[in-house]
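The structure under discussion appears below in the form of structure tokens.
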Amino acid sequence: NDSVYEFSLRVSDGNDSMEGNFTISITNVNDFVPEILNLEQNATTTKEVMENELEVITIRATDDDDDNISLVYRIVPDFADFKSFEINAATGELTFRNPPDYEAPSSERSIDGDNLYYLQVSVSDGDSTEDNTLYRNLIVSVQNANESAPNFEVSGGNILEPIEHQENQQSVMILQA
């Protein structure tokens with residue numbers, strides 16, 4: 001094991017001597033703060049999301065402490081629009097609790113009703129208060145999606161019925177959407 005060192009020590013004052021065997025074990029200390037890889041380090045990250053979509057982003061982080069194999073992701077409570085989101089504590093997947101509707105932003109979801117959702121996320125390398133925790137601010141900007149299917153109207157007939165067409169003419173029918 002690389003963290004255990006054994007040695008023998010002999011000391012003497014010229015007349016008497018003493019010898020002893022010693023073992024020193026080095027314990028790794030949790031001394032590195034996790035690093036979030038896909039959010040801005042010194043600024044607020046803005047993430048655009050189409051309306052009606054639940055998934056926002058999967059936060060990716062790393063930690064230089066070799067023995068910390070599990071990071072814990074959280075939404076910081078009482079920060080702006082935090083109630084609109086959920087996060088998977090193990091994977092960092094951030095989602096809306098309910099799909100956002102661009103045409104009807106709710107003050108329950110976006111505190112300003114402006115399709116901009118403010119929240120703060122954190123990642124830590126353990127569960128106790130002594131653990132290293134990193135915080136990042138995020139703005140989720142909900143974008144408008146074209147939700148209406150085109151409606152075709154045909155002048156001079158029905159689109160499902162055959163239309164007679166004279167030869168050598170360019171126009172068959174006019175479609176309006």
Discussion item. Please tell me whether Phe22 and Val11 are part of a single hydrophobic cluster in this structure, the criterion being side-chain heavy atoms less than 4.5 Å apart.
Written reply: yes
Worksheet entry | Shortest non-hydrogen contact between Asp63 and Pro34, atoms and distance | OD2-CG, 3.8 Å
Discussion item. Quick check for you: to the nearest 0.5 Å, what is the distance between Asn132 atom CG and Asp125 atom CG?
Written reply: 5.0 Å
Worksheet entry | Pairs where residues 7-17 contributes a residue and the test side chain to side chain donor-acceptor pair (under 3.5 Å) is met, not counting sequence neighbours | Ser8-Asn21, Arg10-Ser17
Response to the item:
Interatomic distance, CD1@Ile59 vs OH@Tyr73, rounded to 0.5 Å, equals 7.5 Å
Worksheet entry | Side chains of Val123 and Val72 in contact at under 4.5 Å (non-hydrogen atoms) | no
Fill in: Atom pair OG1 (Thr95) and CG (Asn88), whose distance is rounded to the nearest 0.5 Å
8.5 Å
Discussion item. Testing the basics here: between Thr45 and Glu40, what is the closest heavy-atom pair and its distance to 0.1 Å?
Written reply: OG1-N, 2.6 Å
Discussion item. Regarding Gln120 and Ser122, do their side chains bring together a donor and an acceptor under 3.5 Å, going by distance alone?
Written reply: no
Worksheet item: With sequence neighbours left out, what residues match Thr46 under side-chain hydrogen bond (donor to acceptor under 3.5 Å, both in side chains)?
Response: none
Worksheet item: Could you state the interatomic distance from CG (Leu119) to CZ (Phe79), rounded to the nearest 0.5 Å?
Response: 7.5 Å
Practice prompt. Check whether any side-chain heavy atom of Thr23 sits under 4.5 Å from a side-chain heavy atom of Tyr5, and report yes or no.
Written response: no
Worksheet item: Any chain of hydrophobic side-chain contacts (each under 4.5 Å) joining Ile57 to Val49?
Response: yes
Discussion item. Assess the residue pair Phe85 and Val56 against the criterion (side-chain contact (heavy atoms from CB on, under 4.5 Å)); give the C-alpha distance rounded to whole Å, side-chain angles, the decisive distance to 0.1 Å, and a yes or no.
Written reply: CA-CA 9 Å; Phe85 298 92; Val56 176; 3.9 Å; yes
Worksheet item: Can you find a pair of side-chain heavy atoms, one from Thr44 and one from Leu138, that are under 4.5 Å apart?
Response: no
Worksheet item: Of all residues at least two apart in sequence or in a different chain, which pass the side-chain hydrogen bond (donor to acceptor under 3.5 Å, both in side chains) check with Asn38?
Response: none
Discussion item. Contact between Ser124 and Arg74 at the side-chain level, heavy atoms closer than 4.5 Å - yes or no?
Written reply: yes
Worksheet item: Side chains of Val121 and Leu39: does their closest heavy-atom pair fall under 4.5 Å?
Response: yes
Worksheet item: According to a 4.5 Å side-chain heavy-atom criterion applied to Ile, Leu, Val, Met, Phe, Trp and Tyr, with indirect links allowed, do Leu94 and Leu37 form part of one hydrophobic cluster?
Response: no
Worksheet item: Under 6.0 Å between the ring centres of Phe96 and Tyr117?
Response: yes
Response to the item:
For residues 48-57, the side chain to side chain donor-acceptor pair (under 3.5 Å) pairs (sequence neighbours left out) are Asn52-Glu147
Worksheet item: Taking only residues two or more places apart in sequence or in another chain, which ones pass salt bridge (Lys or Arg N to Asp or Glu O under 4.0 Å) with Glu35?
Response: none
Discussion item. What I'd like to find out is whether the side chain of Val140 reaches to under 4.5 Å of the side chain of Leu116, using heavy atoms alone.
Written reply: no
Worksheet item: Mind checking what makes salt bridge (Lys or Arg N to Asp or Glu O under 4.0 Å) contact with Arg97, not counting sequence neighbours?
Response: Glu86
Worksheet item: Is the number of heavy atoms from other residues, nucleotides or ligands within 6.0 Å of CD (Gln41) greater than 12?
Response: no
Worksheet entry | Flag, side chain of Asp81 to backbone of Ser84, donor-acceptor distance under 3.5 Å | no
Worksheet item: Within the side chain of Asn115, is there an N or O that forms a donor-acceptor pair under 3.5 Å with the backbone of Tyr102?
Response: yes
Worksheet item: How about Glu93 and Ile87: do any of their side-chain heavy atoms sit closer than 4.5 Å?
Response: no
Response to the item:
In this structure, CG of Leu54 is separated from CG of Asn98 (nearest 0.5 Å) by 8.0 Å
Item to complete: Indicate yes or no: at least one non-hydrogen side-chain atom of Val33 is less than 4.5 angstrom from one of Leu134.
Response: yes
